[in-house]
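To start, the structure under review is shown below, and the notes come after it.
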2 protein chains.
Amino acid sequence: MGKPSRSSHDSTSADTRRQLLDAAAGVFAGRGFHHATVRDICRIAGANLAAIRYHFGDKEALYAAVLHETAPAPATPPAGSPLPPLATQLRNFIHSFLARIAEEGVAGHHGCIMAREMVDPTPALDDLVQHFIRPQHEWLQRLVRDLAGPGFSSAQIRRIAHSIVSQVLFYKHCNAALSRLAPADCLSPSNLDDIADHITRFSLAAIASFKNSDDSPRPARISSRTRSRPSR
Amino acid sequence: MGKPSRSSHDSTSADTRRQLLDAAAGVFAGRGFHHATVRDICRIAGANLAAIRYHFGDKEALYAAVLHETAPAPATPPAGSPLPPLATQLRNFIHSFLARIAEEGVAGHHGCIMAREMVDPTPALDDLVQHFIRPQHEWLQRLVRDLAGPGFSSAQIRRIAHSIVSQVLFYKHCNAALSRLAPADCLSPSNLDDIADHITRFSLAAIASFKNSDDSPRPARISSRTRSRPSR
DNA sequence: GGCAGGTTCAAACGGATGTTTGAAACTGTC
DNA sequence: GACAGTTTCAAACATCCGTTTGAACCTGCC
C-alpha cells in the first residue's frame, strides 16, 4: 500500500497488488466471476499474467480478496448518539441502501458482484452472507420489530423485512429490464430521494396497517381460492 | 419441416430438435448462456455436436429458440368472464406469479433464464422485455390504477407496481442468499400461499394508505435530512 | 561489485469451448 | 436397387482460458 519506494517508474512493486484488486473488481463486477478473464484483469491493471499467481495464488483467491477488500463498512449507526425516530431510521436505511446500489464507480462494484452471486453463486457467497448480509438483515429485523410493535411472530417480522429489502434490491436486480421498460424509473441520483420516499411510505403504511389489524395469524384469506388467472 | 417420418428407432429425425430444446433449456437455466456448453446440451439431448448447427445455426440461435419456445403464456384472464374484485385480482396475480417462480421442472427454466438475463443481459433480453415482460407490466399497471383510484400520476402508479413485483421477484433473485440466511423463508409449495397472502396484504395496505392520504406530490419529506447511518 | 530476496516478464502448456468439415446413415421415391 | 434429399456422425480446427515455467529484472545490503 503505502510506501512509494521511488523507482524509475512510479509503479512500485507491491502496489501491483492494488492495481490488480481494482482492475479485478471492475471486471468481476462487469462480467461475473466465470466470464471474467484474468487476461483482461491483468491488461487493465498493467500487470503480467503471472502477477495473479504471485500475489494471490489463483483467480478464485483474487476474487475472494476483491470481495473482502471492496466490501463497504456494515454501516451501523454510531453507537452512543441519540437515535432518531424509528420511521426516520427506516428511511435512512432505505436511502443509504439505495445510494449504495446506485453507486457507479468503484463503490458500486461490490453491489454488482453481489447481485451476480445471487443468480450464480460461487463458494464466496457463504462468507458474503455470513459477514455482510446477515448483520444488516438482523439490524433491519430489529428495526421492523420495533416499528411493528408486539404480537408479531418472527416469521412475520422477517417477511416484512423481506418486503422492504426487496423493493430496494429491485432497482439493482431488475435494472436491465427497467431500463428497457421504463427508463425514467431507473435508479439515478436524480430520483433516488423520490424512490427512497416511496419505498419508505409504502412500507410504513403497510406496517401500520398490520399493527392496527388483527395480530392473530390472519382473519381468513382475502378471498376464496377462486382464481381467474391460470398460471399458464 | 416437422413431419415425424417413423423410423426403426423412436427417435425420429426432427425430434432431435425437441430434445435439443429441452436439454438446452435445462442447461441454460442452470448455468446461464455463457457458462453453458453446447457439449453438455448435446450430451443430455443424446445428439451430436453438429446437430446444433444443423437445426439452429449456432449456440445463440439455440438460446433464442429456447427463450421463444419455453415462454409460458402471458396468463391474461379469460376475456368475457366476470372479473373478480380488484383485491382478488391482485392476489391472484401475485399467487400465480409466485407459483411460476416456484416452479422447479421444465416450467421453471424460463424464470431462471430470465433472472440471469437481468444481471447478465444477452441480445435476447430485448425481445423478452418486449413480448413477455411488457404485457404483464402494463396489465399490472392498469390493475394498480384501478385499485388506487384517481389522482395518481403514472409515475406513482409505476412505482407502486414496482413495489409489488419486487416483493415477488425477491424470492427468485435472492433465493441463494435466503437459503443461507433463513432457509425457512425460501419459496416452496408449502409456504407459497402464506407468502402470497403477505405480499397481497402488504401491498393492499400501502395502496389504501396512499389513497386516503394526500394525493398531491407529497406533504414534505418524512423527516429532515438528518441521517444517522452514513453509507460507508 | 556481488549477492540474495523479492518482483516482473514473455512464452508456453494443457484443457475446454464454439464451430466446421466431409463422409456416412437414413428417408422416401422411382 | 439406384438416386436425391435429409439427418447424423466422428474428428478435427481455431480460439480462448487459467495456470505454470524459468529466466530476467529490480532493490537493498554486504
Side-chain angles (χ1 to χ4, degrees), chain A residues 1-28 30-66 116 120 122-124, chain B residues 1-28 30-66 116 120 122-124:
Chain A
M1 201 191 268
K3 83 160 42 132
S5 48
R6 264 321 82 78
S7 140
S8 58
H9 306 77
D10 52 347
S11 87
T12 156
S13 52
D15 89 328
T16 308
R17 194 188 137 91
R18 167 57 42 191
Q19 303 261 29
L20 278 174
L21 279 172
D22 291 345
V27 176
F28 283 139
R31 301 216 265 258
F33 174 74
H34 290 297
H35 198 45
T37 73
V38 294
R39 280 175 168 82
D40 273 340
I41 293 172
C42 289
R43 187 174 41 77
I44 293 174
N48 187 270
L49 262 179
I52 288 183
R53 171 178 165 85
Y54 181 78
H55 285 282
F56 299 94
D58 60 358
K59 184 187 180 185
E60 194 166 327
L62 170 61
Y63 185 67
V66 166
R116 293 184 182 280
D120 207 72
T122 74
Chain B
M1 209 173 268
K3 80 163 45 136
S5 42
R6 258 329 76 75
S7 143
S8 57
H9 305 75
D10 52 348
S11 88
T12 156
S13 52
D15 89 327
T16 307
R17 193 187 138 92
R18 167 55 44 189
Q19 303 262 29
L20 278 174
L21 279 172
D22 291 344
V27 176
F28 283 139
R31 302 218 264 258
F33 174 74
H34 291 297
H35 199 45
T37 72
V38 295
R39 279 175 170 81
D40 273 341
I41 294 171
C42 289
R43 186 173 42 77
I44 294 174
N48 188 271
L49 262 179
I52 287 183
R53 171 178 164 86
Y54 180 77
H55 285 283
F56 300 95
D58 61 359
K59 185 187 180 185
E60 194 165 329
L62 170 61
Y63 186 68
V66 166
R116 293 183 182 280
D120 206 74
T122 73

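Reminder, nothing fancy here: chain letters follow the sequence lines and each chain counts from 1.
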Exercise. Can you tell me if the side-chain N/O atoms of His55(B) get under 4.0 Å from OP1 or OP2 in dT8(D)?
Worked result: yes

Seminar exercise, completed: Out of dC9(C), dT6(D), dC17(D), minimum distance to the side chain of Arg39(A) belongs to dC17(D)

For this session: State whether Thr37(A) places a side-chain N or O below 4.0 Å from either non-bridging phosphate oxygen (OP1 or OP2) of dC16(D).
Result: no

Problem set entry | Phosphate OP1/OP2 of dT7(C): any Asn48(A) side-chain N/O under 4.0 Å | no

For this session: State, with a plain yes or no, whether a side-chain heavy atom of Tyr54(A) is found less than 4.5 Å away from one of Arg17(A).
Result: no

For this session: Starting at atom CD1 of Ile52(A), determine the distance to atom C1' of dC17(D), rounded to an integer number of angstrom.
Result: 12 Å

For this session: In whole angstrom, give the distance that lies between atom NZ of Lys59(B) and atom C1' of dA16(C).
Result: 12 Å

For this session: Can you measure from CG (Leu62(B)) to CZ (Arg53(B)) and round to the nearest 0.5 angstrom?
Result: 14.5 Å

Exercise. Where each residue is assigned the nucleotide of DNA chain D containing its nearest heavy atom, which of Arg53(A) and His35(A) is assigned the position nearer the 5′ end?
Worked result: His35(A)

Exercise. Counting side-chain heavy atoms from CB outward, which of dT19(D), dT21(D), dC9(D) is closest to Ala50(A)?
Worked result: dT21(D)

Exercise. Whole-Å distance between dA10(C) C1' and Arg43(A) CZ?
Worked result: 17 Å

Problem set entry | Thr16(A) side-chain N/O to dT7(C) phosphate OP1/OP2 under 4.0 Å | no

Exercise. What integer distance in Å separates Tyr63(A):OH from dT19(D):P?
Worked result: 15 Å

Exercise. Could you give the CG-to-C1' distance, from Asp58(B) to dT15(D), as a whole number of Å?
Worked result: 16 Å

For this session: Pick base, sugar-phosphate or nothing for Leu49(A), based on heavy-atom distances below 4.0 Å to the nucleic acid.
Result: base

For this session: Rounded to the nearest angstrom, tell me the gap between atom CZ in Arg17(B) and atom P in dT8(D).
Result: 12 Å

Exercise. With under 30° as parallel and over 60° as perpendicular, where do the rings of Tyr63(A) and Phe28(A) fit, or are they tilted in between?
Worked result: perpendicular

For this session: Write down the distance between CG (Asp15(A)) and C1' (dT8(C)), rounded to a whole number of angstrom.
Result: 13 Å

Problem set entry | Close side-chain approach of Cys42(B) and Asn48(B), heavy atoms under 4.5 Å | no

Exercise. Can you check the His34(B) NE2 to dC17(D) P distance for me, whole Å?
Worked result: 12 Å

For this session: Taking the side chain as every heavy atom from C-beta outward, state whether Leu21(B) and Phe56(B) have any atom pair closer than 4.5 Å.
Result: yes

